[in-house]
Amino acid sequence: MEPRQHLKLLFVGDVMLGRLVNDELRHQAAEYVWGDTLPLFRQADWRACNLECVISDRGSPWSRTPKTFHFRSDAKNLAVLKAAGINAVSLANNHTLDFGHGAMRDMLCELDEADIACAGAGRNVAAAAAPAITEIGGCKIGLLSFTDNQPEWEATPGAAGLFFVPTDLQDARAGRLLELVRYTRQRVNLLIVAAHWGGNWGYSPPPKHVEFGHALITAGADVMFGHSAHVFRGIEIRDNRPIIYSAGDFIDDYAVDEDERNDQTFIFILETDGHMLQRLRLYPTIIRNFQARLAQSPEDTEIAQKMTKLCGDLHTSASWNAAEHCLEIGLGQLPARNCQVKESQPKNTVIF
């Protein structure tokens, strides 16, 4: 089947439903945390986020190694993801095992029952590395998810955990990730690689992330979907494909840094036109009262101006669309990579 024309793929960064957000959800509807952003979610054909907590009613805070923050949300709050129509979540991050392996297994089972695809965590390294593949309008969308955080949570052939990959191109695990990207690219029409990488803070991507992101695009990623920094970073266009170095925090209860403003970010919507990656639209948002809200004037343009400068530092041109209240980044006229999807291959590769 030929992919449908005019698909909209929506991305938001860290969605943390634990602690005070979880408390709020005990007397609010599941839609509450999405605030007034839901109309944009409903306009999209496919939606993804980085789920920055475990969803489960059991488990004890991780204590095998030192860890300061533990985020868990009640099992009923899977309905929060369903309320926004989330199709896929990245789980390779530093909170998926906050309440142990049993809580993680609960979440994996519940996501599967809810028909929400997930990548980045599993019963062993093959499962954690396996792409989540969804099909929308005849377009097969693949999601790979990895992290360079929490090495003690690394999945192995015999142990559950996360798809842990150091952002060091000399590391053998990075080589296997690139091989997995090349393999998966032959089996989907569009490939997204989610990276929960690096530490917190800083508006500029570390040089090793730039090098690593370039390598992933060259290997076959169509979109690099980065997060972890708590703030948004500039977007680079490489071979007409976007590298979102950090999508920032979308929902949380965190204290707000006055300088780096971790309460500000965007809804990222990638528009395709048949086989063409057409444009990326960025709608400014802000966190208020444990909700994601569309930023209003003049704050929306202030957030957009900051992103415009950060993109310019990466030689990317972004322009403000006043009618749509969003930034626009054109992706040129090069088509998406040619792909004859191979149907007869097993779900998991032999790479791991």
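The chain is numbered in sequence order, starting from 1.
Under the side chain to side chain donor-acceptor pair (under 3.5 Å) criterion, T316 pairs with no residue at all, not counting sequence neighbours. Applying the ring pair (Phe, Tyr, Trp, His ring centres under 6.0 Å) criterion to H227, with sequence neighbours excluded, gives H196, F225. In terms of the side chain to side chain contact (heavy atoms under 4.5 Å, CB included) criterion, residue partners of E271 (sequence neighbours excluded) are, by chain and number, K8, I269, Q278, R279, R281. When the ring pair (Phe, Tyr, Trp, His ring centres under 6.0 Å) test is applied to F41, the partners found at least two apart in sequence or on another chain are W34. Every residue two or more places apart in sequence or in another chain that forms a side chain to side chain donor-acceptor pair (under 3.5 Å) with D106 is listed here: S56, R58. Applying the side chain to side chain donor-acceptor pair (under 3.5 Å) test to T147 and every residue at least two apart in sequence or in another chain returns nothing. Shown here are the side chain to side chain donor-acceptor pair (under 3.5 Å) partners of D168, two or more places apart in sequence or in another chain: there are none.
A128 and G161 make their closest contact through CB-O, 3.9 Å (heavy atoms, listed as atom of the first residue, atom of the second, distance). Across every non-hydrogen atom of G138 and N189, the tightest pair is O-OD1, 3.8 Å. Residues S246 and V231 approach most closely at OG-O, 2.6 Å, considering heavy atoms. Here the shortest heavy-atom pairing between L143 and A194 reads CD1-CB, 4.1 Å. Among all heavy-atom pairs drawn from C53 and S73, the shortest one is SG-CB, 4.3 Å. In plain terms, the two heavy atoms of S228 and N149 that are nearest each other are OG-OD1, 3.6 Å.
Taking the side chain as every heavy atom from C-beta outward, I136 and I141 approach each other to under 4.5 Å. A heavy-atom distance below 4.5 Å is found between the side chains of L91 and M107. L51 places a side-chain heavy atom less than 4.5 Å from the side chain of L81. I329 places none of its side-chain heavy atoms less than 4.5 Å from the side chain of P242. In this structure, the side chains of W46 and I192 come closer than 4.5 Å at one or more pairs of heavy atoms. C326 has its side chain out of reach of L282: every pair of non-hydrogen atoms, C-beta onward, lies at least 4.5 Å apart. Side chains of C118 and L108 form a contact here, defined as non-hydrogen atoms less than 4.5 Å apart. With a 4.5 Å cut-off on side-chain heavy atoms, L40 and L294 count as touching.
Side-chain atoms of N240 come within 3.5 Å of backbone N or O of L331 as a donor-acceptor pair. Proximity of a side-chain donor or acceptor of T96 to a complementary backbone N or O of A92 within less than 3.5 Å is not detected. Side-chain atoms of D171 never come within 3.5 Å of backbone atoms of P166 as a donor-acceptor pair (strictly under, hydrogens ignored). Of the possible donor and acceptor atoms, none in the side chain of N87 sits under 3.5 Å from a partner among the backbone N and O of E135.
Tracing side-chain contacts under 4.5 Å through hydrophobic residues (I, L, V, M, F, W, Y), one never reaches I133 starting from L111; they form parts of separate clusters. When hydrophobic clusters are built by joining Ile, Leu, Val, Met, Phe, Trp and Tyr residues whose side-chain heavy atoms come closer than 4.5 Å, directly or via intermediates, F69 is grouped together with Y254. Under a hydrophobic clustering in which Ile, Leu, Val, Met, Phe, Trp and Tyr are joined whenever their side-chain heavy atoms come within less than 4.5 Å, directly or via other members, F268 and L38 fall into different clusters. Both W197 and L314 belong to a common hydrophobic cluster when Ile, Leu, Val, Met, Phe, Trp and Tyr are linked at side-chain heavy-atom distances under 4.5 angstrom.
Here I116 contributes atom CD1 and R47 contributes atom CZ; the two are 11.0 Å apart, rounded to the nearest 0.5 Å. How far CE of M224 is from CG of L191: 10.0 Å, rounded to the nearest 0.5 Å. Atom CZ in R238 sits 7.0 Å away from atom CD1 in I243 (nearest 0.5 Å).
Of the listed residues (Y283, F11, F232), just one forms a ring pair (Phe, Tyr, Trp, His ring centres under 6.0 Å) with F266, and that residue is F232.
Looking at D148 and T167, their side chains do bring a donor and an acceptor atom within 3.5 Å of each other. Side-chain polar atoms of Q291 and N289 form no donor-acceptor pair below 3.5 angstrom.
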Pair L216-L177, side-chain contact (heavy atoms from CB on, under 4.5 Å): steps then yes or no: CA-CA 9 Å; L216 286 163; L177 170 61; 4.0 Å; yes
Derivation of the side-chain contact (heavy atoms from CB on, under 4.5 Å) call for L178 and L169: CA-CA 9 Å; L178 293 173; L169 291 173; 4.2 Å; yes
Worked verdict on E52 versus N50 for side chain to side chain donor-acceptor pair (under 3.5 Å): CA-CA 6 Å; E52 189 84 341; N50 177 60; 2.9 Å; yes
Candidate pair R241 and D239, rule salt bridge (charged side-chain N to carboxylate O under 4.0 Å, His left out), full reasoning: CA-CA 5 Å; R241 288 157 182 89; D239 296 336; 5.6 Å; no
Residues F164, Q150; criterion side-chain contact (heavy atoms from CB on, under 4.5 Å); working and verdict: CA-CA 8 Å; F164 175 83; Q150 304 300 136; 6.0 Å; no
Worked verdict on R233 versus L310 for side-chain contact (heavy atoms from CB on, under 4.5 Å): CA-CA 7 Å; R233 288 173 173 161; L310 294 172; 5.5 Å; no
Test salt bridge (charged side-chain N to carboxylate O under 4.0 Å, His left out) applied to D252 and R19, step by step: CA-CA 9 Å; D252 61 44; R19 286 196 317 195; over 6 Å; no
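Checked against the 6.0 Å centroid criterion, the rings of Y245 and H209 do not qualify as a close aromatic pair.
Every pair passing salt bridge (Lys or Arg N to Asp or Glu O under 4.0 Å) that includes a residue from residues 69-98 is listed here, sequence neighbours excluded: R26-D74, K67-D98. Residue pairs meeting the ring-ring contact (aromatic ring centres under 6.0 Å, His included) criterion with at least one partner in residues 75-103, sequence neighbours excluded, are F71-H95. Contacts classified as salt bridge (Lys or Arg N to Asp or Glu O under 4.0 Å) and involving residues 287-304 (residues at least two apart or in different chains) are given here: D36-R293, R261-E299, D263-R288, R288-E299. The list of ring-ring contact (aromatic ring centres under 6.0 Å, His included) pairs with a residue in residues 135-161, not counting sequence neighbours, reads W62-W153, F146-F212. Among residues at least two apart or in separate chains, salt bridge (Lys or Arg N to Asp or Glu O under 4.0 Å) pairs with a member in residues 304-313 are K309-D313.
Atom NE2 of H315 has 12 or fewer neighbouring heavy atoms from other residues, nucleotides or ligands inside a 6.0 Å radius. In the displayed structure, E324 atom CD is contacted under 6.0 Å by more than 12 heavy atoms of other residues, nucleotides or ligands.
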